[in-house]
Amino acid sequence: MTSIAEQPTTTSAQLTLDAVSRRYGDNLAVREVSAQVPAGKVSVIVGPSGCGKSTLLRMISGLDAPTSGTVEFNGEPVTGVPDGLSMVFQDYSRSLFPWMRVDKNVAFPLRHLKSDERSARVHEAIDAVGLAGKEKLYPWQMSGGMQQRVAIARALACHPKLLLMDEPYASVDAQTRADLEDLLLTIQQRLGITVLVVTHDIDESVYLADHIIVLSKPPSVVAEVIEVDLPHPRDQVETKEDPAFVEIRAHVTKLLRSAESSAAGNT
Ligand code: ADP
Ligand code: MG
């Protein structure tokens with residue numbers, strides 16, 4: 001079997017959004033968003049609540065269709081949930097099955113595989129998120145942070161080319177959040193997969209990203225795309241003290257603040 005670590009990075013997905021809009025009745029949730037998500041990097045979409053981030057992720061994952069515009073994954077238009085795409089949601093308590101132990105939760109999307117390949121992948125993914133030895137626990141016996149690790153393991157076990165995460169750490173405490181951010185960066189650096197994270201947290205966006213897509217007020221458009229050249233491995237203290245980090249954070253804050261004040265002015 002090919003392990004997650006052995007996947008050639010050249011096969012990592014590249015995502016292209018071309019003038020993607022989504023309307024719900026009279027409400028224009030997403031307005032002509034065009035953006036590129038480079039392969040083998042961490043891209044972050046940051047924007048205020050209600051600006052259409054989850055709507056965008058649903059369209060990228062093929063769970064919802066744009067009203068106009070196109071989403072392409074690996075050069076192919078997205079029409080249903082594409083192969084090679086896994087998603088992690090904010091609400092781990094609803095994404096895990098409470099009656100299944102950790103190993104069964106992680107194995108769930110691999111039902112189609114032969115049992116030895118399935119167990120190898122489950123073992124590898126649980127190991128990657130630091131939960132070796134916890135395979136036989138139930139989700140309700142674990143902290144929120146550990147449950148989110150299980151959800152990440154389940155996504156990794158599918159050997160995704162693109163990992164989508166919708167505000168994955170918004171429901172955990174600050175220390176756990178920092179640990180999970182570092183875990184994500186470690187896994188991404190090791191596997192070279194393409195990661196797209198959505199967050200409304202500016203610090204988190206700059207800390208995680210190689211590439212930031214800043215969305216404006218709703219209905220969202222891309223306010224700016226920022227390349228983040230901060231070195232890896234990143235460190236919660238050192239990186240955040242780096243003048244480049246401080247400068248980018250201030251810049252994103254300013255962009256979002258002007259987005260919010262013009263949103264207020266429009267209502
Ligand atoms: P975010 O994730 O950035 O907070 P969302 O994508 O959840 O924003 O929502 C963007 C806008 O679209 C909001 O005004 C929201 O009420 C609306 N919206 C999202 N999903 C639906 C839906 N299924 N039906 C109707 N309106 C929706
Ligand atoms: Mg959302």
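When a ligand or atom number is given, it counts from 1 through the structure's own listing order. Bear in mind the structure is a predicted one, so any value in this text is a computation, not a measurement. Basis for what follows: all heavy atoms, side chains included, without hydrogens, waters or symmetry-related copies.
Summary of contacts: the protein heavy atom closest to atom 6 (O) of ligand 1 is T55 OG1, 2.6 Å. In terms of protein heavy-atom proximity, atom 24 (N) of ligand 1 is closest to Y24 CD2, 3.4 Å. In terms of protein heavy-atom proximity, atom 12 (O) of ligand 1 is nearest to A29 CB, 3.2 Å. Counting only heavy atoms of the protein, atom 8 (O) of ligand 1 lies nearest to G52 N, 3.2 Å. Considering only non-hydrogen protein atoms, atom 14 (O) of ligand 1 sits nearest to N27 ND2, 3.1 Å. Given atom 7 (O) of ligand 1, the protein heavy atom at minimum distance is S54 CB, 3.8 Å.
Counting only distance, with no hydrogens or angles, the side chain of R234 and the backbone of A209 share a donor-acceptor pair below 3.5 Å.
With a 4.0 Å heavy-atom cut-off, ligand 1 is reached by no atom of L56.
Using a 4.0 Å cut-off between charged nitrogen and carboxylate oxygen, D201 and R177 count as a salt-bridge pair. Between D203 and R249 there is a salt bridge, since at least one side-chain N of the basic residue sits less than 4.0 Å from a carboxylate O of the acidic one.
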| request: Kindly indicate, with the supporting measurements, whether the criterion side chain to side chain donor-acceptor pair (under 3.5 Å) is fulfilled by D103 and H123. | output: CA-CA 8 Å; D103 53 356; H123 176 78; over 6 Å; no
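Inter-residue side-chain proximity for H232 and L185 is flagged as met; some heavy-atom pair is nearer than 4.5 Å. Looking at heavy atoms from C-beta onward, T16 lies out of side-chain contact with V71 at the 4.5 angstrom threshold. Between H211 and V42 the shortest side-chain heavy-atom distance does not fall below 4.5 Å. Side-chain contact between I60 and V78: absent, with no pair of heavy atoms (C-beta onward) separated by less than 4.5 Å. Counting only heavy atoms from C-beta outward, the side chains of I213 and Q36 never approach each other to under 4.5 Å.
Around the Mg ion (ligand 2), the protein contributes the following N, O or S atoms at distances under 2.8 Å: S54 OG.
Proximity to S49 (heavy-atom distance under 4.0 Å) selects the following atoms of ligand 1: 4 (O). Numbered from 1 in the order shown, with element, the atoms of ligand 1 that lie under 4.0 Å from a heavy atom of R58 read 19 (C), 20 (N).
Taking the six-membered ring where tryptophan is involved, the planes of W140 and Y138 are essentially parallel, since the angle between them stays under 30° and well short of 60°.
K104 forms no cation-pi arrangement with F97, by the criterion of a distance under 6.0 Å to the ring centre and an angle within 45° of the ring axis.
Ligand 1 has a nitrogen or oxygen under 3.5 angstrom from a nitrogen or oxygen of C51.
Close to ligand 1: G50, with a non-hydrogen atom less than 4.0 angstrom away.
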